[in-house]
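Presented below is the structure to which this report refers.
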Amino acid sequence: MKKRICLIGGLIGLNNSYIKDCYAMVKLSGGQSSGGFIGCSYGEIYNSWSLTDSKRGKVMAGFAAKNEGIMEHIFYIDDRKKKKKKFADVDLEMDIAVIKQLPWDYEHCWNEAEWPPRFREDCFHIESACGDDVIEINTGKDLIEAAEGVNSGERHFQYACFRLNADIDLQGKSISPIGEDDTLPFKGIFDGGNHIIKNFKIKGKRKYGGLFGYLKDAKIINLTVDAMIQGAEYSGGIAGVMEGGIICCCGSAVRIEAKKYAGGLVGKNREGILVKDYAVGVIHKQRRPWFLLLFLIPLLLFLLKLGIPYPSIPVDGNVQAIHDGLKPEGGNTAAFEFNRLIVFTDGKGQIDFYNPGNSTQDIVVKLTISDQELIDKLGENHRTFLDQRRLSLLGDYDPSLFRQELAMTGRVPAGSRLETLGLSTLQDGTELPPGTYRGIIELVFYDSVSQEKALLNSQLPVGIEIQ
Amino acid sequence: MKRVQLTNSRSDAKYRKQHRLILSGLLLLFAVFLLLLNQWSGFLPPRHESRAQALIGASDIDERLNFQVYKLSDEYEVGFCISPLYTHDELTVYLMNYAENKVNIQIVIRDEEGNVKAQSGLLSPGEMLETIKVQPLTNASLHIEVLAYEEVTYYSAGVLRVRTAWIEALEE
């Protein structure tokens with residue numbers, strides 16, 4: 001299987017040229033090799049530093065994961081909370097006293113009052129080399145038009161001198177890099193005018209990702225970007241790749257999802273020069289959304305549960321499991337016991353219903369009373385007016401055959417006991433007054449496994465005493 | 001000219017905020033899924049039968065199909081042909097769920113070994129299923145099951161099982 005390279009650097013992913021007076025404060029995560037300042041360098045680096053917080057990389061370094069060039073007057077500060085693994089270039093972590101002795105250019109570049117030193121605000125600027133033939137960019141629309149011009153291969157735009165006249169907020173818009181391909185690189189000058197282009201995204205599968213995709217002998221100055229870059233093989237806040245040219249007095253605040261070569265400022269620098277630049281933000285290796293695997297658990301549960309032929313009637317809340325040691329012995333067995341006189345006190349009746357463990361049926365218990373019994377004891381059937389009308393329309397109303405429900409339980413599974421029943425009112429809302437009545441217990445059987453209702457039900461006479 | 005240097009990325013902060021929101025949303029969804037699954041019995045209601053049609057009179061059915069009506073409880077009675085006609089991978093059953101019923105019904109056809117050869121969707125009260133598509137039947141004998149479901153809860157309202165045999169073309 002082909003090994004995937006993922007080289008991450010706080011400022012540059014891969015460099016073979018010249019870097020001076022730069023710093024990086026970028027959090028790094030993952031990748032084959034990651035360096036707080038640079039992933040891999042074959043060039044020269046002078047007077048630069050990094051504040052390094054890196055994790056999960058195979059080879060992690062405070063400053064440079066791999067260096068086969070020249071590095072002078074450089075250092076890093078280990079900003080990790082957990083220092084489980086030593087940085088590969090641990091010898092570059094120096095004492096502050098020693099670092100301060102290094103020849104920092106406090107007059108034209110670094111702010112002596114700050115530690116670690118950042119650029120002096122009054123010196124973080126370079127004069128533009130643009131002549132009179134300048135394309136001015138004032139809005140996001142102008143910027144997108146400029147990108148379209150370069151990407152469509154218009155020579156006028158490719159070699160243009162752009163000047164940014166205002167801060168631009170692209171409001172989270174996804175845009176195409178300027179010079180998105182190496183066959184159509186940007187070769188001109190872009191003067192940021194000390195302004196910022198912020199809140200934009202470079203998304204999707206592409207080779208070069210950054211405000212500029214591919215720079216060839218271009219000059220980018222006085223510009224700050226704040227962006228999110230995802231899915232590009234070469235990615236950097238300012239440019240994916242720079243070939244020749246210069247980037248000076250630029251800043252990059254980014255969140256980059258690294259695929260191959262990624263740097264806070266530039267993914268890959270070939271023969272270019274970087275002076276007085278910085279990068280802050282986060283660079284992490286492209287991750288798979290592993291947490292979506294969590295949703296396999298409910299799916300699995302769903303499939304495991306799926307396929308029962310009928311839903312179960314809920315088990316009665318007052319049911320108690322009993323351990324009578326009985327087990328079903330094949331075939332269908334329905335067995336039960338209950339009190340033949342149910343005494344109700346405060347709406348609760350003692351039934352002591354028992355469905356033994358060797359039964360293959362769950363049982364739902366209904367306590368009913370015939371209309372005839374109600375008429376005999378109370379003088380009327382206590383049905384609602386509408387129901388009276390319905391029955392009179394039927395024409396064959398026989399009060400001894402029509403019943404009203406006084407109580408109904410939930411399911412009483414095999415191997416359980418139900419001690420009490422709750423009494424409900426008659427159909428018209430009347431409570432059954434104290435006294436003794438003849439009731440009927442109706443038992444409805446459901447197969448304990450399939451929950452299939454048996455077509456034969458039992459009906460048994462029972463005494464009801466209301467106290 | 002003075003110029004501020006950024007110390008963090010606003011795009012990153014925005015991404016983190018969105019990411020946290022999405023993650024908490026997904027976790028919430030996950031918890032809801034688990035909760036629902038925990039409460040779910042494992043039953044999925046059968047679909048409604050797309051070939052359902054209005055009832056016809058029993059007199060309109062050929063006598064040789066042996067149309068029978070079964071009263072299964074006070075709540076419902078069903079009718080169907082106990083000698084269904086088998087032609088072109090279809091069984092003519094005339095399964096009827098009468099309008100007065102308070103249940104939905106479904107028919108299942110099994111072969112001698114109990115393998116399901118056909119299964120209909122649900123018929124509401126007042127609906128009939130004339131024919132049902134079946135997998136090829138090699139043996140003449142078959143089992144017809146009529147499953148009844150309570151209308152709202154889908155609790156079982158009983159099953160009628162009949163062992164019978166299909167007939168081939170009706171001779172004039």
Side-chain angles (χ1 to χ4, degrees), chain A residues 23 25-27 118-125 172 194-196 198-201 222 224-229 237 249 251-256 264 278 280-282 289 291-292 294-295 297-299 301-302 304-313 446-447 450-457, chain B residues 1-19 22-27 29-46 70-76 103 106 108 119 145-150 152-161:
Chain A
Y23 70 86
M25 297 193 295
V26 179
K27 287 185 178 178
R118 295 200 299 162
F119 305 128
R120 281 175 57 162
E121 285 176 358
D122 55 340
C123 297
F124 190 39
H125 175 74
N194 293 346
H195 294 293
I196 181 168
K198 62 185 176 187
N199 209 357
F200 67 94
K201 290 176 195 165
N222 307 324
T224 307
V225 293
D226 188 337
M228 193 163 89
I229 298 154
C249 296
S252 170
V254 282
R255 179 179 184 95
I256 295 178
Y278 74 91
V280 294
V282 175
F291 52 86
L292 290 179
L294 276 179
F295 283 85
I297 298 171
L299 185 70
L301 282 174
F302 174 81
L304 282 174
K305 271 191 148 183
L306 187 67
I308 66 156
Y310 303 101
S312 311
I313 291 174
Y446 292 87
D447 186 275
S450 68
Q451 292 299 305
E452 181 182 305
K453 186 183 175 188
L455 285 173
L456 290 172
N457 299 326
Chain B
M1 188 176 182
K2 288 194 174 182
R3 191 170 156 205
V4 176
Q5 291 157 69
L6 302 175
T7 52
N8 51 42
S9 163
R10 278 182 61 191
S11 297
D12 176 47
K14 199 174 159 188
Y15 173 86
R16 278 170 194 270
K17 198 176 162 189
Q18 277 178 352
H19 196 73
I22 291 169
L23 209 63
S24 5
L26 284 174
L27 278 175
L29 200 68
F30 179 70
V32 169
F33 272 171
L34 283 186
L35 200 75
L36 288 175
L37 270 173
N38 191 39
Q39 287 175 349
W40 181 53
S41 63
F43 172 76
L44 279 183
Y70 295 88
K71 184 169 174 61
L72 297 171
S73 78
D74 290 341
E75 289 177 346
Y76 69 103
V103 295
Q106 179 187 30
V108 177
Q119 186 165 9
E145 290 178 3
V146 179
L147 285 68
Y149 295 88
E150 286 184 19
V152 181
T153 59
Y154 290 97
Y155 295 147
S156 169
V159 179
L160 172 68
R161 292 187 173 90

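Residue numbers start from 1 in every chain, and the chains themselves are labelled A, B, ... in the order their sequence lines are given, proteins ahead of strands. For the numbers below, each heavy atom of this structure counts, side chains included, while hydrogens, waters and symmetry mates do not. From a predicted model like this one, the values you see are computed outputs, not experimental measurements.
- Contact of B:Gln106 with chain A is not made at all, since no heavy-atom distance falls under 4.5 Å.
- Among A:Phe200, A:Tyr310, A:Tyr446, the residue making the largest number of heavy-atom pairs under 4.5 Å with chain B is A:Tyr310.
- Evaluation of the side chain to side chain contact (heavy atoms under 4.5 Å, CB included) rule for B:Leu44 yields A:Phe302, A:Leu306, B:Trp40 as partners, not counting sequence neighbours.
- Every residue two or more places apart in sequence or in another chain that forms a side chain to side chain contact (heavy atoms under 4.5 Å, CB included) with A:Pro311 is listed here: B:Ser41, B:Phe43, B:Tyr154, B:Tyr155.
- For B:Thr7, the parts lying under 4.5 angstrom from a heavy atom of chain A are both the backbone and the side chain.
- No part of A:Leu304 comes within reach of chain B, as not one of its non-hydrogen atoms sits under 4.5 angstrom from that chain.
- At least one donor-acceptor pair closer than 3.5 Å links the side chain of A:Ser252 to the backbone N or O of A:Gly264.
- When the shell of 6.0 Å around CZ of B:Arg10 is examined, it contains 12 or fewer heavy atoms from other residues, nucleotides or ligands.
- Contact count against chain B (heavy-atom pairs under 4.5 Å) is highest for A:Met228 among A:Lys201, A:Met25, A:Lys27, A:Met228.
- Residue contact with chain A, scored on non-hydrogen atoms closer than 4.5 Å, is absent for B:Ala13.
- Across A:Gly172, A:Pro309, A:Ser450, A:Gly251, the residue that shares the most heavy-atom pairs under 4.5 angstrom with chain B is A:Pro309.
- In this structure, CG on B:Leu36 lies 9.5 Å from CG on B:Leu29, to the nearest 0.5 angstrom.
- Within the 4.5 angstrom heavy-atom criterion, atoms from both the backbone and the side chain of A:Glu452 approach chain B.
- Residue-environment remark: OH (B:Tyr15) exceeds the threshold of 12 foreign heavy atoms within 6.0 Å.
- Here the side chain of A:Tyr278 pairs no donor or acceptor atom with the backbone of A:Arg118 at under 3.5 angstrom.
- Interface residue A:Leu292: only side-chain heavy atoms are found under 4.5 Å from chain B.
- Note: B:Leu26 leads B:Leu26, B:Leu34, B:Leu147 in heavy-atom pairs under 4.5 Å with chain A.
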Next on the checklist: Set out, in order, the CA-CA distance, both residues' side-chain angles and the distance that settles salt bridge (charged side-chain N to carboxylate O under 4.0 Å, His left out) for A:Lys198 and A:Asp226, then state yes or no.
Outcome noted: CA-CA 4 Å; A:Lys198 62 185 176 187; A:Asp226 188 337; over 6 Å; no

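- With a 4.5 Å cut-off on non-hydrogen atoms, A:Asp447 does not touch chain B at all.
- Ranked by heavy-atom pairs shorter than 4.5 Å toward chain A, the options B:Val159, B:Leu23, B:Leu160 are led by B:Val159.
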